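To keep things clear, I will list the structure first and then write my remarks on it.
A note on names: the letters A, B, ... follow the listed sequences, proteins ahead of strands, and every chain is numbered from 1. Just so it is clear, the structure is predicted and the values come from calculations on it, not from any experiment.
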Protein chains: 2
Amino acid sequence: MGERVVIIGADATGMAAASQARRLKSAAELDIVVFERGHFTSYSACGIPYWVGGEVGGPDELIARTAAEHRARDIDLRLRTEVSEIDVAGQRVRARDLESGQDYWTEFDKLVIATGATPIRPALPGADAARMHGVQTLDDGQALIETLRATEGRQAVVVGAGYIGVEMAEALIHRGFQVTMVNRGAEPMSTLDPDMGVLIRKAMQGMGIQVIGNAEVTAFRTDVRGQVTAVVTAEAEYPADVVVLGLGVRPATDLARAAGLPLGAYGGLLTDLAMRVRGHENIWAGGDCVEVLDMVSGSLRHIPLGTHANKHGQIIGSGVGGDYATFPGVVGTAVSKVCDLEVARTGLRERDARAAGLQYVSVTVESTSRSGYYPGAAPMTVKMLAERRSGRLLGVQIVGREGAGKRIDIAAVALTARMTVEQMVALDLGYAPPFSPVWDPVQVAARKAVGAIRRQT
Amino acid sequence: MGERVVIIGADATGMAAASQARRLKSAAELDIVVFERGHFTSYSACGIPYWVGGEVGGPDELIARTAAEHRARDIDLRLRTEVSEIDVAGQRVRARDLESGQDYWTEFDKLVIATGATPIRPALPGADAARMHGVQTLDDGQALIETLRATEGRQAVVVGAGYIGVEMAEALIHRGFQVTMVNRGAEPMSTLDPDMGVLIRKAMQGMGIQVIGNAEVTAFRTDVRGQVTAVVTAEAEYPADVVVLGLGVRPATDLARAAGLPLGAYGGLLTDLAMRVRGHENIWAGGDCVEVLDMVSGSLRHIPLGTHANKHGQIIGSGVGGDYATFPGVVGTAVSKVCDLEVARTGLRERDARAAGLQYVSVTVESTSRSGYYPGAAPMTVKMLAERRSGRLLGVQIVGREGAGKRIDIAAVALTARMTVEQMVALDLGYAPPFSPVWDPVQVAARKAVGAIRRQT
């Protein structure tokens with residue numbers, strides 16, 4: 001009789017782990033049981049805003065691999081089944097079939113925790129009203145779309161201005177809503193420095209989105225049916241037929257916490273490089289429920305992104321299957337398309353550099369995505385941070401149009417290799433008029449950073 | 001009285017050197033004299049195919065900085081003036097004003113050789129006929145366009161299938177010509193391995209270009225007016241009202257050779273890391289007339305590209321101006337847009353790896369430029385070479401559509417940092433559905449390469 005691995009959560013991490021483990025071990029060697037609370041599996045949560053906005057169909061299009069496909073590979077996938085308890089010492093989990101109500105224990109030799117993250121809901125009056133939506137899961141997306149279809153009003157308020165908030169604001173515009181975005185920070189997308197965030201705000205305003213910055217939500221007004229009617233801040237009140245919460249997420253680690261597993265400062269599970277939960281030989285965790293090492297600052301962070309979740313799953317599946325693989329950490333790369341802008345960042349913002357006790361120079365340049373004379377050349381702004389004296393690259397932020405965003409990868413690889421900005425100036429990057437000016441915009445920024453370091457050292 | 005620097009050649013390297021030197025030294029400190037045989041300065045030779053194809057205007061649009069702009073910065077720029085001799089010991093050059101015929105010597109304290117490259121003309125009967133064109137300089141481009149306007153025939157033959165040849169074939173199609181491309185190799189673009197080159201051929205054929213591979217040109221037939229009428233190979237004869245030579249270029253180093261300066265196996269000048277000609281304190285050289293260090297194979301190569309030429313100029317200008325800068329070498333990155341395909345390469349091809357005595361694995365993957373469900377997701381092919389056992393990345397080739405080409409930069413930076421394919425799998429690259437599948441295609445290839453290395457080691 002083989003071993004059994006129990007996997008909690010059937011999205012990117014859980015199913016990548018299951019698939020990779022199955023590649024390495026046959027059904028006779030390894031029994032794979034996956035519990036998933038929701039209706040869906042292996043889907044692209046990142047695609048939800050485009051589904052809501054009507055650019056892609058859903059949910060079928062967003063599902064990379066269906067439950068039936070997984071089951072055909074001898075993976076015992078139990079949808080609509082919620083794990084309510086992990087018994088670490090007893091090596092078993094307790095699960096409840098949400099349809100039948102049946103409650104039962106399942107033993108494991110190995111356990112994978114891939115419980116993801118939960119949208120943050122503010123502890124405010126009216127926060128649990130109807131027609132208030134997070135957009136973390138396909139189930140969430142489905143619920144939002146049903147609300148959008150049902151409501152006759154056309155006023156939408158997005159609370160929060162992170163990636164999801166900004167993408168959702170745009171999606172709601174595409175669906176014909178009047179959209180107000182209420183944001184605690186001065187500018188949208190606090191993953192960028194404010195001097196770059198202002199470019200996003202202007203683009204959003206150009207699309208007709210009302211952007212309210214420096215605004216603290218104090219309550220949600222509701223009507224007699226328990227439906228939200230307005231978002232209230234200290235200064236004003238914004239009528240709302242539907243509210244989308246884009247306040248970010250927190251690791252869904254209540255189960256892990258109750259089981260006594262180690263959590264970090266952000267509430268995420270702590271793992272080793274092989275994604276094993278610290279101190280536990282036979283328990284792995286990955287995806288949005290763990291904290292990851294930021295290789296630039298050296299500190300742990302919570303970065304819920306599908307790309308990390310998939311890598312974690314792959315690595316966990318290798319470990320579960322008896323192979324060896326590690327996740328060295330992240331440099332904080334993210335890219336997004338909002339309101340015709342491509343927005344990208346990697347490494348440290350100014351505030352991160354200060355928090356890490358680093359002295360830095362910061363430069364910003366304007367360049368173009370193609371040679372200036374080539375059709376379609378569009379302006380792009382690149383901000384670059386480098387460590388004073390040493391010149392080590394610390395971070396890059398890019399806002400531009402077609403062709404701007406993925407240039408962040410140049411900086412992501414350079415950060416991983418701990419390059420200096422001087423080394424970046426010498427990089428042999430792809431050049432041809434349809435793709436780049438003769439100096440890539442990232443190198444234009446690097447040249448300016450070299451100059452700033454020479455003057456300041 | 002200050003020093004004098006004489007610069008031979010007023011294109012990318014020469015004028016970047018002049019500009020950078022002027023930034024560092026005033027006119028009182030440094031007298032800058034630039035000799036240029038042609039009519040133009042500081043232009044994008046890479047833009048010539050787009051000018052011929054009608055996508056960009058020219059030549060004005062292709063000129064980054066005019067002669068007047070340079071002169072306004074106290075640079076003594078002498079167009080249509082050809083240097084005929086370098087007297088190294090006497091520290092002087094002999095130049096001839098091509099308009100007036102005046103011939104004179106000019107002394108220098110420092111010399112910069114930026115003579116570029118010359119299109120290869122085959123030593124064949126008829127090779128100097130009228131209506132046969134290289135496309136290396138703006139003057140060449142202007143001459144070709146005049147021929148295209150003058151000729152009533154509509155048959156064009158491109159000889160050679162490198163970047164320029166392929167781009168010119170497409171440009172001629174845009175101008176309404178019937179185009180035949182005659183190529184010595186089996187597939188176009190020998191900068192790629194043939195299994196990737198076949199993708200280019202198919203795209204060219206799809207545009208209506210007749211592609212003749214494995215064909216050795218033996219002669220050019222001419223008429224009584226001395227105009228070319230056909231391109232002759234051992235097997236066939238291709239009627240031609242105009243012929244474009246895309247046979248590549250060789251370093252224009254006749255002057256340097258006559259002066260006894262050191263040349264390499266490809267006929268390019270040999271320099272140190274600061275772009276000083278080896279053994280000569282006060283002579284620099286850069287751009288298409290030098291050989292550069294290939295950091296992947298460790299050998300010298302001749303890589304005539306605007307991006308290197310500009311970097312060389314910058315570094316030479318720093319040296320001439322008394323500052324310090326170096327050019328560490330290249331990894332062999334190039335990107336091109338042909339027939340709606342984006343084509344990119346960096347590092348070693350299979351034949352390069354073999355020539356370098358390296359054992360390697362080669363993998364090829366098909367992926368998409370965006371998430372499969374996102375509108376505009378297009379297929380792309382990535383080929384990756386990695387060293388056997390060590391897993392060190394050796395090279396990447398990409399053929400795809402919108403968004404494919406500049407992904408080569410990921411590999412270019414990874415090659416510079418001497419990363420393994422395993423390290424590439426872990427890279428934190430930008431992911432969002434409009435930009436990439438959750439595993440970037442370059443990482444999909446890296447994963448496959450890791451698998452190949454594991455099996456072969």
Side-chain angles (χ1 to χ4, degrees), chain A residues 12 44 46-47 50 55-57 61-62 64 163 295 305-308 310-311 314 326-337 342 344 346 371 373-375 403 405-410 412-417 419 423 425-436 438-440 447, chain B residues 12 44 46-47 50 55-57 61-62 64 163 295 305-308 310-311 314 326-337 342 344 346 371 373-375 403 405-410 412-417 419 423 425-436 438-440 447:
Chain A
S44 171
C46 325
Y50 310 105
E55 286 144 295
V56 307
E61 281 196 42
L62 298 181
Y163 288 107
M295 296 190 290
L305 282 178
T307 178
H308 305 322
N310 272 280
K311 290 194 181 90
Q314 181 86 9
T326 57
F327 184 78
V330 304
V331 293
T333 312
V335 60
S336 187
K337 193 169 197 299
E342 298 189 358
T346 191
S371 289
Y373 59 79
Y374 195 86
K406 274 292 264 178
R407 276 179 157 88
I408 202 70
D409 288 346
I410 299 165
V413 186
L415 276 173
T416 306
M419 284 187 182
Q423 287 174 308
V425 172
L427 285 172
D428 184 3
L429 303 178
Y431 160 65
F435 299 95
S436 180
V438 70
W439 288 92
D440 191 279
R447 280 172 66 181
Chain B
S44 171
C46 325
Y50 310 106
E55 286 145 294
V56 306
E61 281 196 43
L62 298 181
Y163 288 107
M295 298 190 291
L305 281 179
T307 178
H308 304 324
N310 271 278
K311 289 194 182 89
Q314 181 85 10
T326 57
F327 184 79
V330 305
V331 293
T333 312
V335 60
S336 188
K337 191 168 199 297
E342 297 189 358
T346 191
S371 289
Y373 58 80
Y374 194 87
K406 274 292 265 181
R407 276 179 157 88
I408 202 70
D409 288 345
I410 298 165
V413 186
L415 277 173
T416 306
M419 283 186 180
Q423 287 173 308
V425 172
L427 284 172
D428 182 4
L429 303 178
Y431 160 64
F435 299 95
S436 180
V438 70
W439 288 92
D440 190 279
R447 280 172 65 180

Counting only non-hydrogen atoms closer than 4.5 Å, does B:Tyr50 touch chain A with its backbone (N, CA, C, O), its side chain (CB onward), both, or neither? side chain
For B:Gln423, is it the side chain, the backbone, both, or neither that has a heavy atom closer than 4.5 Å to a heavy atom of chain A? neither
Best-contacting candidate, B:Thr333, B:Thr307, B:Val331, against chain A by heavy atom pairs under 4.5 angstrom: B:Thr333
Would a 4.5 Å heavy-atom cut-off, applied to side chains only, mark B:Leu305 and A:Tyr431 as touching? no
Can you find a pair of side-chain heavy atoms, one from A:Thr416 and one from B:Leu427, that are under 4.5 Å apart? yes
Closest approach of A:Lys311 and B:Trp439, non-hydrogen atoms and distance? CG-CH2, 3.5 Å
Do B:Leu429 and A:Ile408 come within less than 4.5 Å of each other through their side chains, counting heavy atoms only? no
What pair of heavy atoms forms the shortest contact from A:Tyr373 to B:Leu62, and how long is it? CE1-CD2, 3.3 Å
Grab the two heavy atoms, one from B:Asp440 and one from A:Asp409, that are nearest each other, plus how far apart they are. OD2-OD2, 4.3 Å
In terms of heavy-atom proximity below 4.5 Å to chain A, should B:Ala426 be classed as side chain, backbone, both, or neither? both
Top contributor to chain B interface from A:Gly306, A:Ala344, A:Ala334, A:Ser336 [non-hydrogen pairs under 4.5 Å]: A:Ser336
Using a 4.5 angstrom heavy-atom cutoff, name the option from B:Thr346, B:Val56, B:Val425, B:Thr326 with the most pairs to chain A. B:Val56
Residue, of B:Arg407, B:His308, B:Lys406, that accumulates the most heavy atom pairs under 4.5 Å with chain A: B:Lys406
Does any backbone or side-chain atom of B:Met295 lie under 4.5 Å from a heavy atom of chain A? Answer side chain, backbone, both or neither. neither
Locate the shortest heavy-atom distance separating B:Pro433 from A:Ser44; write the atom from each residue and the value. CG-OG, 4.5 Å
A:Asp428 versus B:Leu415: any side-chain heavy-atom pair under 4.5 Å? no
Portion of B:Ser371 that has a non-hydrogen atom of chain A nearer than 4.5 angstrom: neither
In terms of heavy-atom pairs under 4.5 Å with chain A, the winner among B:Cys46, B:Ala432, B:Ala417, B:Ala412 is B:Cys46
